[in-house]
A.B. asks: 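First the structure, which I've put down as structure tokens, then a few questions once you've had a look.
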Amino acid sequence: QVQLVESGGGLVQAGDSLRLSCVASGRTFVNYAMAWFRQAPGKEREFVAAITWSNSSAAYADSVKGRFTISRDDYKNTVALQMNNLKPEDSAVYYCALDKLLFRPRVDTSLTDTDFGSWGQGTKVTVSS
């Protein structure tokens, strides 16, 4: 069983940047895609970004494309989400997640939370206008 722990959330102003990190422990996540999801109050959890197990490609929700970048460091068992030019609508609890499928060949925006089997506890991001 893998444990995921997110960090890096906080209160920022519109236009600022934040970098979220997720550290995995318990077992390796090297052969699995990783993703970030977010959930705003009163809304369903939504896909933000994902990266393949091979680090060869990534996918982003249209709402964050060009502003957010997902990356992974398998030596450090971490996955990060660099968020630039933050907007108030980015305010949410952000969760990292581990894919259920070993060696998923590609990631895209059709991925949903049912594709992921392990989740962190979340880190809250609040963007003020």
A.B. asks: Under 3.5 Å, side chain of Thr123 to main-chain N/O of Gly9, donor-acceptor pair present?
C.D. replies: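 Confirmed, Thr123 side chain pairs with Gly9 backbone.
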
A.B. asks: Measuring only between side-chain heavy atoms, which start at C-beta, is Trp119 closer than 4.5 Å to Asp113?
C.D. replies: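 Sidechains of Asp113 and Trp119: in contact.
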
A.B. asks: Below 4.5 Å, heavy atoms only, C-beta onward: do Phe37 and Val93 meet side chain to side chain?
C.D. replies: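 Result no, sub-4.5 Å side-chain heavy-atom pair not found.
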
A.B. asks: Measure the shortest side-chain to side-chain distance between Met83 and Asp16 over non-hydrogen atoms and say whether it is less than 4.5 angstrom.
C.D. replies: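 Sidechains of Asp16 and Met83: no contact.
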
A.B. asks: If you compare all heavy atoms of Val107 against all heavy atoms of Ala33, which two are closest, and at what distance to 0.1 Å?
C.D. replies: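 Result for this residue pair: CG1-CB, 4.0 Å.
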
A.B. asks: State plainly whether the residues Lys65 and Asp62 are in salt-bridge range, i.e. N to O under 4.0 Å.
C.D. replies: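 Yes, Lys65 and Asp62 are salt-bridged.
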
A.B. asks: Please round to the nearest 0.5 Å and tell me the distance separating atom OG of Ser63 and atom CG of Asp90.
C.D. replies: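 So the OG of Ser63 and the CG of Asp90 are separated by 7.0 Å.
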
A.B. asks: Could you measure the distance from the CG atom of Leu11 to the CG atom of Leu18? Nearest 0.5 Å is fine.
C.D. replies: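 Spacing of CG (Leu11) from CG (Leu18) equals 9.0 Å.
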
A.B. asks: Determine, using the 4.5 Å side-chain heavy-atom cutoff (strictly less than), whether Phe116 and Tyr94 are members of one ILVMFWY cluster.
C.D. replies: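 Looking at the clustering, Tyr94 is in a separate group from Phe116.
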
A.B. asks: Supply the atom-to-atom distance Thr69 OG1 to Tyr60 OH, rounded to the nearest 0.5 angstrom.
C.D. replies: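 The OG1 atom of Thr69 sits 4.5 Å away from the OH atom of Tyr60.
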
A.B. asks: Apply side chain to side chain contact (heavy atoms under 4.5 Å, CB included) to Gln1 and Ser118, showing your working.
C.D. replies: CA-CA 8 Å; Gln1 186 73 13; Ser118 297; 4.2 Å; yes

A.B. asks: Is any side-chain heavy atom of Gln121 closer than 4.5 Å to one of Tyr95?
C.D. replies: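 When only atoms from C-beta onward are counted, Gln121 and Tyr95 do not touch, as no gap falls below 4.5 Å.
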
A.B. asks: Check whether any side-chain N or O of Arg104 sits under 3.5 Å from a backbone N or O of Lys100 as a donor-acceptor pair, and report yes or no.
C.D. replies: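 Answer holds: no.
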
A.B. asks: Between side-chain atoms of residues 39-50 and protein atoms elsewhere (two or more places apart, or another chain), which donor-acceptor pairs fall under 3.5 Å?
C.D. replies:
unit_1 : atom_1 : unit_2 : atom_2 : d
Gln39  : NE2    : Lys43  : O      : 3.0
Glu46  : OE2    : Arg38  : NE     : 2.6
Glu46  : OE2    : Arg38  : NH2    : 3.2

A.B. asks: Tell me, with the steps shown, if Ser129 and Glu89 meet side chain to side chain contact (heavy atoms under 4.5 Å, CB included).
C.D. replies: CA-CA 10 Å; Ser129 57; Glu89 52 264 41; over 6 Å; no

A.B. asks: Does Leu20 offer a backbone N or O that forms a donor-acceptor pair with the side chain of Glu6 under 3.5 Å?
C.D. replies: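 No; judged by distance alone, with no hydrogens or angles, the pair does not exist.
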
A.B. asks: Any side-chain heavy atom of Phe29 within less than 4.5 Å of one from Met34?
C.D. replies: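 They are in side-chain contact.
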
A.B. asks: Looking at OG1 of Thr52 and CZ of Phe103, how far apart are the two atoms once the value is rounded to the nearest 0.5 Å?
C.D. replies: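 CZ of Phe103 is found 12.0 Å from OG1 of Thr52.
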
A.B. asks: Which heavy atom of Gln3 sits nearest to which heavy atom of Gly26, and what is that distance?
C.D. replies: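 That closest heavy-atom pairing would be OE1-CA, 3.7 Å.
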
A.B. asks: For the residue pair Leu98 and Leu4, what are the closest heavy atoms and their distance?
C.D. replies: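 Minimum heavy-atom separation between Leu98 and Leu4: N-CD1, 3.8 Å.
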
A.B. asks: Does Trp53 have its ring centroid less than 6.0 Å away from the ring centroid of Tyr32?
C.D. replies: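 Not close enough - the centres of the two rings lie 6.0 Å or further apart.
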
A.B. asks: Give me the atom names and distance for the closest heavy-atom approach of Val79 to Cys96.
C.D. replies: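 For Val79 and Cys96, the tightest heavy-atom pair comes out as CG1-CB, 4.4 Å.
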
A.B. asks: Output the distance between atom CD1 (Ile51) and atom CG (Asp99), rounded to the nearest 0.5 Å.
C.D. replies: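 CG of Asp99 is found 12.5 Å from CD1 of Ile51.
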
A.B. asks: Does the side chain of Asn84 come under 3.5 Å of the side chain of Ser17 through a donor N or O and an acceptor N or O?
C.D. replies: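 Side chains of Asn84 and Ser17: pair found under 3.5 Å.
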
A.B. asks: Is any side-chain heavy atom of Val12 less than 4.5 Å from a side-chain heavy atom of Thr126?
C.D. replies: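 SC-SC contact between Val12 and Thr126 ruled out.
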
A.B. asks: Are the side chain of Ser21 and the backbone N or O of Ser7 linked by a donor-acceptor pair below 3.5 Å?
C.D. replies: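 The answer is no, because no donor-acceptor pair under 3.5 Å joins these two groups.
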
A.B. asks: Would you call Asp74 and Arg72 a salt bridge, taking side-chain N to carboxylate O under 4.0 Å as the test?
C.D. replies: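 Salt bridge flag = yes for Arg72 with Asp74.
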
